[in-house]
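Inspection log for the structure reproduced underneath, given as structure tokens.
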Amino acid sequence: RLLGNLMVTAYGRCGSLDDALDAFNRIDHPNIFSGNALLAAFANNGRLDVARRMLQTMPQRDVVSWTTVVVALAAAGGSYIDEAVALFEAMPERNAVAWNGLISALAENGQVDQAWHIFLRMEEPDIVSWNAMVGGYARNGRIEEAKEIFDRSPAQDVVSWNTIIQGYAQNGLLQQAKELLDRALARDAASWNALIAAYTSSGHMEQAKELFDQMPQPDVVSWTSLLLGYAENGQLQLAERLFGVMPQRDVIAWNAMIAAYASQGKVDTAEAVFHRMPGRSLVSWNAILSGYALHGGDRLNQAKRVFDH
RNA sequence: CACGCUAUUUUGCU
């Protein structure tokens, strides 16, 4: 059953709802974990109608079930926001994850003021709540308020620091982001990576490389950011070289390389990489197909060939 | 007895 639950989740994560449902039906005596896994599969793949109905009809439901649907509704935005809040208010019990999930989803959707009001209703917001608000304000371009909340939060963990660093970086305030990185009390690879990505995407490859060389332990994210930065800044050969020497490559790194070749019109090389990689995601397909669409000319037909394989 | 399967906050790919 444990394995069955995992399969439901796995299929849900990759959007295969039919397979998720099959996996669920093969579980001997589905428990609430199984039900919640299936519910999440629907909720996280846009089947809000099904998720809503399932929440009412499933044999047992708990705070996880409710939270799954509340967050999915809030993440959908638009008119679903009010419904999410109403459902949240109707929950028989709410734990920290429920509160935090709603706050995060609202803030992600541009409803950061509403998120703040709900935050204020929490008896004891935890560090995730605070971090969610910091990130929410930052993502909505309100970096000063984000910083105020960061400063006012009772404790800061590595995620807090990363969130505020990323906040400055994504608002184009690279200097401030760098200063925060330098004096952060908690840092991990993501702290450096946030800034590296900001540098590469704004064309500051020298600074990106410098940070990469300075950081204690570059991870696959650091390597991929730098690689893609070179590719996008006209240095495809450097990108290739990095790809060749990076310690491990995950599917995102492979996809980045495909996208790099595809965007340069090297569709054959992109296709070779596509075939050579150990596993493909939906993004791999999109990357290779967009290469053909952009540069293939008549080759769009060949794209169909790849697709049919 | 713990731990492991489901919902929440930070960094890279279309």
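Each chain gets a letter, A, B and so on, in the order the sequences are listed, and its residues count up from 1. We use all heavy atoms of the structure for the numbers below, so side chains are in, but hydrogens, waters and symmetry mates are not.
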Assign [X] to base, sugar-phosphate, or nothing according to its heavy-atom contacts below 4.0 angstrom with the strands shown.
{"X": "A:Leu228", "value": "sugar-phosphate"}
{"X": "A:Asp250", "value": "base"}
{"X": "A:Thr68", "value": "sugar-phosphate"}
{"X": "A:Ala132", "value": "sugar-phosphate"}
{"X": "A:Asn95", "value": "base"}
{"X": "A:Thr163", "value": "sugar-phosphate"}
{"X": "A:Val220", "value": "base"}
{"X": "A:Arg249", "value": "nothing"}
{"X": "A:Arg139", "value": "sugar-phosphate"}

Side-chain N or O of A:Arg1 closer than 4.0 Å to phosphate OP1/OP2 of B:U6: no
Looking at the side chain of [X], which of [options] is the nearest nucleotide?
{"X": "A:Ser290", "options": "B:U14, B:C5, B:U9", "result": "B:U14"}
{"X": "A:Asn286", "options": "B:G12, B:A7, B:U14", "result": "B:U14"}
{"X": "A:Asn255", "options": "B:A7, B:C13, B:U11", "result": "B:C13"}
{"X": "A:Glu232", "options": "B:U10, B:U14, B:A7", "result": "B:U14"}
{"X": "A:Val64", "options": "B:A7, B:U10, B:C5", "result": "B:A7"}
{"X": "A:Ala256", "options": "B:U6, B:U10, B:C13", "result": "B:C13"}
{"X": "A:Val221", "options": "B:U9, B:G12, B:U6", "result": "B:G12"}
{"X": "A:Asn131", "options": "B:U9, B:A7, B:U11", "result": "B:U9"}
{"X": "A:Leu2", "options": "B:C5, B:A7, B:U10", "result": "B:C5"}
{"X": "A:Ala259", "options": "B:U14, B:G12, B:U8", "result": "B:U14"}

Checking only heavy atoms, does the side chain of A:Thr224 share a donor-acceptor pair with the base of B:G12 at less than 3.5 Å? yes
Expressed as a whole number of angstroms, how long is the span from [X]:[atom1] to [N]:[atom2]?
{"X": "A:Met133", "N": "B:U10", "atom1": "CE", "atom2": "C1'", "value": "15 Å"}
{"X": "A:Ile103", "N": "B:A7", "atom1": "CD1", "atom2": "P", "value": "19 Å"}
{"X": "A:Leu236", "N": "B:C13", "atom1": "CG", "atom2": "C1'", "value": "15 Å"}
{"X": "A:Met7", "N": "B:U6", "atom1": "CE", "atom2": "P", "value": "15 Å"}
{"X": "A:Leu87", "N": "B:U8", "atom1": "CG", "atom2": "P", "value": "16 Å"}
{"X": "A:Phe42", "N": "B:A7", "atom1": "CZ", "atom2": "C1'", "value": "17 Å"}
{"X": "A:Gln264", "N": "B:U14", "atom1": "CD", "atom2": "P", "value": "13 Å"}
{"X": "A:Met246", "N": "B:C13", "atom1": "CE", "atom2": "C1'", "value": "11 Å"}

ring-ring contact (aromatic ring centres under 6.0 Å, His included) assessment of A:Phe119 paired with A:Trp99: CA-CA 8 Å; A:Phe119 173 89; A:Trp99 285 93; 9.7 Å; no
When rounded to the nearest 0.5 angstrom, what distance separates CG in A:Leu242 from CE in A:Met246? 8.0 Å
I need the A:Glu148 CD to A:Arg142 CZ distance, nearest 0.5 Å. 10.5 Å
Salt bridge between A:Arg53 and A:Asp49, side-chain N to carboxylate O under 4.0 Å? no
Taking the basic N atoms (NZ, or NE/NH1/NH2) and the acidic carboxylate oxygens, is any pair closer than 4.0 Å for A:Arg121 and A:Glu89? yes
Checking A:Arg280 side chain against A:His275 main chain: does a donor-acceptor pair fall under 3.5 Å? yes
Do the two ring centres, one from A:Trp223 and one from A:Phe212, sit under 6.0 Å apart? yes
